[in-house]
Amino acid sequence: MADLIETIMHAGNRSGKTVLLSVIHIKFAYYKIGIQPGAGYEEFKYRTFDISPISRQAKECLKYIQDILEGRFTWTKDGFRYSNKHTLKLKNFYEGKNENIGELRYTNRSVTYAFSTGADMGAGFQGLPAGIVTYDECVLSHHMEDELDSNVYSRLGDYGKLMMLIATPNAEGKSQQYFHHLITEAKNGSNNFLVMGGSYMENVFIDVDKRESHKQTLIDRDPIMARQILYGDFVSTGGTVFDTP
């Protein structure tokens with residue numbers, strides 16, 4: 001998998017992480033990135049996976065994808081609410097979904113699945129290849145390192161092009177230490193991960209005045225924790241950043 005792109009993103013809360021993931025999944029599903037065009041290209045069932053330790057979080061990505069493709073994605077700017085209803089260019093691409101199994105289907109036979117890693121370490125999507133796997137709020141996993149080795153990378157062996165770990169650092173997260181370890185290695189050039197950041201203050205879908213007032217409220221309450229919430233920094237919460245092990 002020499003051409004696999006490995007990306008890791010530590011970002012603040014409400015920085016637009018799930019919207020970003022939604023757009024990435026739409027792009028990969030539409031173009032079937034990783035599949036060589038030719039005979040059978042249109043009929044090929046292409047898959048993208050969005051996984052998370054929390055089932056609700058995984059399915060949130062599907063909701064954003066559906067809203068975007070049906071022209072129901074809305075945001076506020078300068079006191080007015082806008083939507084993409086009249087500017088949507090990718091029309092008639094969304095086909096339907098199965099809420100029970102976390103499946104969203106497109107008209108070109110691509111499918112996006114939302115899986116919860118839960119207690120089975122990702123075994124729920126074992127055996128299915130994918131062009132992209134995004135792992136949302138991965139720090140909350142109890143065993144992220146084992147999941148990546150046993151289930152995630154193996155899903156990308158057929159036509160996979162992107163594996164993305166994305167989370168807001170959380171001192172209570174069981175995989176926080178491993179997440180931080182990967183980022184440190186990447187910055188030192190010891191692994192292949194591309195490191196990205198993301199700030200609540202950069203979220204253009206929230207009014208500037210609201211962002212500034214929320215920032216000041218968080219700083220007034222706890223200036224150290226505000227760095228984690230706003231910018232996705234790794235911070236100490238009264239003891240140490242990590243537990244003794």
Under 3.5 Å donor-acceptor, [X] side chain and [Y] backbone:
X: Asp207; Y: Lys210; answer: no
X: Arg155; Y: Asn151; answer: yes
X: Asn203; Y: Arg14; answer: yes
X: Lys32; Y: Phe44; answer: yes
X: Ser190; Y: Ala186; answer: no

Would you give the length of the straight line joining atom [atom1] of [X] to atom [atom2] of [Y], rounded to the nearest 0.5 angstrom?
X: Phe115; Y: Ser52; atom1: CZ; atom2: OG; value: 13.0 Å
X: Glu202; Y: Tyr231; atom1: CD; atom2: OH; value: 9.5 Å
X: Glu137; Y: Asn170; atom1: CD; atom2: CG; value: 8.0 Å

Does a donor on one side chain sit under 3.5 Å from an acceptor on the other, for [X] and [Y]?
X: Thr107; Y: Tyr94; value: no
X: Gln36; Y: Tyr41; value: no
X: His25; Y: Thr134; value: yes

Residues, nucleotides or ligands: over 12 heavy atoms within 6.0 Å of Asn188 CG: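 Yes.
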Under-4.0 Å salt bridge between Arg105 and Glu103: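 Result for this pair is yes, salt bridge flagged.
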salt_bridge(Asp3, Lys161) N-O dist < 4.0 Å: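 Answer for the salt bridge query: yes.
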